[in-house]
Trainee: 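The structure is given below, and queries will be raised subsequently.
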Amino acid sequence: MLGWSPEMFWKATAAEFEMTVEGLSGNVRGRPFISREEVRRIAAEHGVRPSLKANPNAKVIGGGA
């Protein structure tokens, strides 16, 4: 239905997936996936954590990188 390769599907973020589904359904909300206020609330609740991408042992699922 999406027309994505398995690699593209597994590399997509939740926001990219949601925007794609909205576009295909014709139900585009035209607002961000998550508000800045919600990001601030989550950050305050959970604190700052290092990005998983910065971990030298991180592995990409479904990719050759």
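One-based numbering along the sequence shown.
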Trainee: Is it true that Phe17 and Met19 fall in one hydrophobic cluster, defined by side-chain heavy atoms closer than 4.5 Å?
Mentor: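 Unlinked, Phe17 and Met19 end up in two clusters.
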Trainee: Which pair of non-hydrogen atoms, one from Trp4 and one from Phe9, has the smallest distance, and what is that distance?
Mentor: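 Trp4 and Phe9 have their closest heavy atoms at CE3-CA, 3.6 Å.
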Trainee: Does a side-chain N-to-carboxylate-O contact under 4.0 Å join Arg41 and Glu37?
Mentor: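 Not counted as a salt bridge, because no side-chain N and carboxylate O are separated by less than 4.0 Å.
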Trainee: Using atom types as modelled and distance alone, determine if a side-chain donor or acceptor of Glu16 lies under 3.5 Å from a backbone N or O of Thr13.
Mentor: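 At least one qualifying donor-acceptor pair exists.
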